[in-house]
Amino acid sequence: MQLSSRIKGLEESQTLALNRLAKAMIAEGQSVVNLTAGELDFATPDEAKDAAVKAIRDGLTTYTPTAGYDGLRWAVASKLARENKLVYSSDEVMTTAGAKQGLYELMAVLFDPGDEVLVPTPAWVSYEEQMRVLGIKPVFAPTDKKFHIDVKAMAAAIGPKTRGILLNSPNNPTGAMESAESLRKLAALAVKKKLWVISDEIYERISFGTPHISIASLGDDIKRQTIVVGGASKSLAMTGWRLGYMAGPAHVIKAVTAFQSHASGNPSSISQAAAAAGLEKCAPFVKSMLKELAARRAFLLKAFGGVKALRAHPPEGAFYLFVDVSRVDKDSVAFAQDLLKNAGVAVVPGKYFRHDGWVRLSFATSMANLKSAVKRIADYCK
Ligand SMILES: Cc1ncc(COP(=O)(O)O)c(C=O)c1O
């Protein structure tokens with residue numbers, strides 16, 4: 001029996017696969033430091049957990065409106081106004097089972113098969129696969145030496161079928177964050193060429209001094225054709241709760257809600273209650289998490305400064321360190337496999353992000369793990 005042609009060639013997310021391999025080696029008793037994780041090693045804040053327990057006890061266990069219950073949509077809208085200079089009414093906001101689901105639904109709602117969407121690279125692995133399943137063609141636009149978008153290169157890549165841009169700042173895997181100046185140029189291009197902008201801002205609260213700017217905050221013209229995507233996973237240590245959100249023009253939110261009503265319905269009612277409390281009450285959690293992440297980042301940059309064969313790129317945001325390993329091995333998959341087998345450190349090959357010769361290390365793990373990993377990597381490179 002045949003599977004659909006749509007699904008041919010689609011593999012499980014390669015970052016998840018490597019994570020699983022590292023976990024299997026650990027289960028066999030091997031010593032592995034796993035730096036592949038895309039999630040924080042902090043517990044979900046108590047305020048969110050307590051709200052979830054209360055929701056269960058109070059019977060918030062039935063379907064909610066597909067877009068999420070009003071209290072949560074209001075909490076998202078007020079967070080966006082307070083922290084991101086983005087003013088949306090609650091019918092311009094909806095919630096999803098993670099930002100990943102939101103991104104997929106948006107692509108289905110905004111683009112037709114055969115349409116092209118510009119994706120600056122390096123880029124998170126799922127954009128490409130989501131597009132391919134929907135018959136959308138990703139057009140990759142390399143970023144500059146510091147991994148910032150190159151608006152001229154993006155303009156040059158626009159053709160008659162280009163319908164959108166996928167922007168990700170702070171970026172996974174590089175941690176690059178876009179400046180107001182380049183976002184303004186990109187916004188002007190998007191408006192001139194009538195392109196949708198999907199702005200994946202899932203890491204927006206995790207920045208090391210560089211201010212996060214949402215492209216949608218740069219004027220009414222660009223806001224009208226931008227959908228901002230975010231969620232609780234990364235900034236509130238709530239990956240398993242699956243709670244994402246998006247904000248954009250009411251007619252887009254209405255269409256995505258209709259799609260979601262048939263595809264999956266509302267995100268978990270319990271997770272909605274937890275996320276609302278998280279968005280409203282967890283600023284101290286975010287602050288202390290950022291302090292810890294900044295210390296780990298500083299440690300890694302200093303430690304890699306002493307490893308001659310490698311070059312680490314200082315991330316402006318998110319919790320990943322992108323490292324040039326091309327002097328050891330130009331093939332990042334071979335490097336990652338060999339490092340895992342011989343040094344017991346799991347990293348993600350840059351090839352998966354369309355940037356070979358580099359690997360991604362997650363510093364969402366303890367300082368003790370990072371110290372051990374750096375020592376193993378330095379010894380391996382010798
Ligand atoms: C760039 C990027 N966007 C979106 C997501 C999805 O996050 P969520 O857990 O909200 O689905 C991730 C998760 O790794 C990510 O790295």
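When a ligand or atom number is given, it counts from 1 through the structure's own listing order.
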#### Entry: Numbered atoms and elements of ligand 1 in range of Y127, under 4.0 angstrom, heavy atoms
1 (C)
### Query
Looking at atom 7 (O) of ligand 1, what's its closest protein heavy atom, distance included?
A99 CB, 4.0 Å
### Task
Check the pair N168 / N171 against side chain to side chain contact (heavy atoms under 4.5 Å, CB included), numbers first and verdict last.
CA-CA 5 Å; N168 176 215; N171 175 273; 3.7 Å; yes
### Nearest-contact summary for atom 15 (C) of ligand 1 - protein heavy atom, Å
W124 CE2, 3.5 Å
### Query
So, are D41 and R296 salt-bridged, with charged N and O less than 4.0 Å apart?
yes
### Task
Would you tell me whether S264 and Q101 have side-chain atoms, one donor and one acceptor, within less than 3.5 Å of each other?
yes
### Message
Return the closest protein heavy atom for atom 9 (O) of ligand 1 as residue, atom name and distance.
### Response
S233 OG, 2.7 Å
### Message
When you measure from the heavy atoms of G231 to every atom of ligand 1, does any distance fall below 4.0 Å?
### Response
no
### Message
Regarding ligand 1, does Y203 bring an N or O atom to under 3.5 Å of one of the ligand's N or O atoms?
### Response
yes
### Query
Relative to the heavy atoms of G98, which atoms of ligand 1 are at a distance of less than 4.0 Å?
10 (O), 11 (O)
### Message
Hydrogens and angles aside, do R376 and S31 bring a side-chain donor and acceptor to less than 3.5 Å of each other?
### Response
yes
### Of the listed options E39, M238, K234, closest to atom 14 (O) of ligand 1 (non-hydrogen atoms)
K234
### Task
Test H212 against every option in E204, E201, E178 by the side-chain hydrogen bond (donor to acceptor under 3.5 Å, both in side chains) rule and name the one that passes.
E201
### Task
Consider only side-chain N and O atoms of T66 and N266, and report whether a donor and an acceptor are under 3.5 Å apart.
no
### Query
NZ of K79: more than 12 outside heavy atoms within 6.0 angstrom?
yes
### Message
Taking D220 first and then R224, would you say they form a salt bridge - that is, a charged N and a carboxylate O separated by under 4.0 Å?
### Response
no
### Message
Give the atom numbers and elements of ligand 1 that come within less than 4.0 Å of a heavy atom of R242.
### Response
8 (P), 9 (O), 11 (O)
#### Entry: Nearest option to atom 4 (C) of ligand 1, as decided by whichever heavy atom of D200, V125, N172, N171 sits closest
D200
### Query
Would you say G244 has any N or O atom under 3.5 Å from an N or O of ligand 1, going by distance alone?
no
### Query
Does the N or O separation between K100 and ligand 1 drop below 3.5 Å for any pair?
yes
